[in-house]
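Just below is one structure, and these are the notes that go with it.
What's counted below: heavy atoms across the whole structure, side chains too, no hydrogens, waters or symmetry copies.
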Amino acid sequence: MPLSPSDSPGFLLWHATLRWQRDIATALAPLDLTHVQFVLLARAWWLNTQGEHPNQLALARQAGIDVKMTSQVLRTLEHKGLIEREVDPADTRAKRLRVTDTGADLAPRAIAAVERADARFFQPVPLDKAITLLGRLAHPES
């Protein structure tokens, strides 16, 4: 017997995801960032603060974003003056990523905005339970 939509985990996840994506888009709009731009900027910024300058492929893999999309979004971030792509001296085909001063100023503010949106969104569920469930769904092999 088929489940009704209100009893379907996939249907509920779909609606929760749509609501969460709208909340994140709303939080990032005043900062002129899309969600994908935010993910790539924030990840590159964090890696830079750890002394790492990843190439585009490494950043795409870490973010879980298609390589071609990553390249297009990084081009937009570069055009906005938030990142710089520099030729890797060890591999001239690769581009190392460095967040600019403007990007380094924006990234923590964007992270804070997303964290506030996440806190509001996940407020009905204990944080440890949400992290456990989402971690298991994101990485079922673990």
Side-chain angles (χ1 to χ4, degrees), residues 3-142:
L3 297 174
S4 73
S6 62
D7 294 330
S8 169
F11 188 75
L12 292 170
L13 179 61
W14 172 251
H15 279 274
T17 300
L18 290 174
R19 193 179 125 237
W20 175 74
Q21 288 174 333
R22 280 191 305 269
D23 291 354
I24 297 300
T26 299
L28 292 171
L31 301 173
D32 191 31
L33 290 174
T34 67
H35 198 170
V36 175
Q37 290 171 358
F38 161 74
V39 169
L40 293 174
L41 176 64
R43 188 69 178 148
W45 173 79
W46 187 84
L47 289 167
N48 284 183
T49 66
Q50 304 302 304
E52 297 179 41
H53 295 281
N55 63 32
Q56 293 177 182
L57 179 60
L59 187 64
R61 286 182 178 155
Q62 290 177 13
I65 300 172
D66 175 76
V67 176
K68 285 185 181 182
M69 176 186 263
T70 298
S71 181
Q72 292 169 347
V73 173
L74 288 173
R75 193 172 303 119
T76 300
L77 292 173
E78 185 176 36
H79 186 73
K80 289 181 172 188
L82 302 175
I83 63 142
E84 291 179 344
R85 297 187 293 176
E86 303 164 340
V87 174
D88 183 346
D91 179 359
T92 56
R93 298 168 298 163
K95 302 274 188 171
R96 295 254 172 225
L97 303 170
R98 188 185 69 74
V99 175
T100 65
D101 290 343
T102 303
D105 177 61
L106 181 60
R109 292 187 296 127
I111 291 167
V114 167
E115 286 178 348
R116 284 190 300 273
D118 277 351
R120 282 189 304 273
F121 181 85
F122 290 106
Q123 187 275 328
V125 180
L127 185 60
D128 60 331
K129 291 185 187 243
I131 290 171
T132 299
L133 173 63
L134 294 170
R136 290 183 68 195
L137 292 174
H139 307 287
E141 65 284 349
S142 298

For this session: Check side-chain hydrogen bond (donor to acceptor under 3.5 Å, both in side chains) between D91 and all other residues, then give those that pass, not counting sequence neighbours.
Result: R93
Problem set entry | Set of residues satisfying salt bridge (charged side-chain N to carboxylate O under 4.0 Å, His left out) with respect to D88, sequence neighbours excluded | R96
Exercise. Any side-chain heavy atom of E78 sitting closer than 4.5 Å to one from L74?
Worked result: no
Problem set entry | side-chain contact (heavy atoms from CB on, under 4.5 Å) involving T26 - partner list, sequence neighbours excluded | none
Seminar exercise, completed: With sequence neighbours left out, the residues meeting side-chain contact (heavy atoms from CB on, under 4.5 Å) with T17 are L13, Q21
Problem set entry | Pairs involving residues 47-69, ordered by first then second residue, that meet side-chain hydrogen bond (donor to acceptor under 3.5 Å, both in side chains) (sequence neighbours left out) | R43-Q62, N48-H53, Q56-R85
For this session: Identify, with sequence neighbours excluded, every residue that meets side-chain contact (heavy atoms from CB on, under 4.5 Å) alongside A130.
Result: F122, V125
For this session: Output every pair passing ring-ring contact (aromatic ring centres under 6.0 Å, His included) with a member in residues 22-47, not counting sequence neighbours, ordered by first then second residue.
Result: W20-H35
Exercise. Of all residues at least two apart in sequence or in a different chain, which pass the side-chain hydrogen bond (donor to acceptor under 3.5 Å, both in side chains) check with E115?
Worked result: none
Exercise. Any side-chain heavy atom of T100 within less than 4.5 Å of one from D105?
Worked result: no
Exercise. Looking at residues at least two apart in the chain, or sitting in another chain, which of them share a salt bridge (charged side-chain N to carboxylate O under 4.0 Å, His left out) with R98?
Worked result: E84, E86
Exercise. How far does CG of L77 sit from CG of L40, to the nearest 0.5 angstrom?
Worked result: 6.5 Å
Problem set entry | Side-chain heavy atoms of L47 within contact of L97, under 4.5 Å | no
Problem set entry | Selection residues 121-141 - residue pairs positive for side-chain hydrogen bond (donor to acceptor under 3.5 Å, both in side chains), sequence neighbours left out | none
Exercise. If you look only at pairs with a residue in residues 29-38, which of them pass as a salt bridge (charged side-chain N to carboxylate O under 4.0 Å, His left out), with sequence neighbours excluded?
Worked result: D32-K80
Exercise. Taking only residues two or more places apart in sequence or in another chain, which ones pass side-chain hydrogen bond (donor to acceptor under 3.5 Å, both in side chains) with D23?
Worked result: none
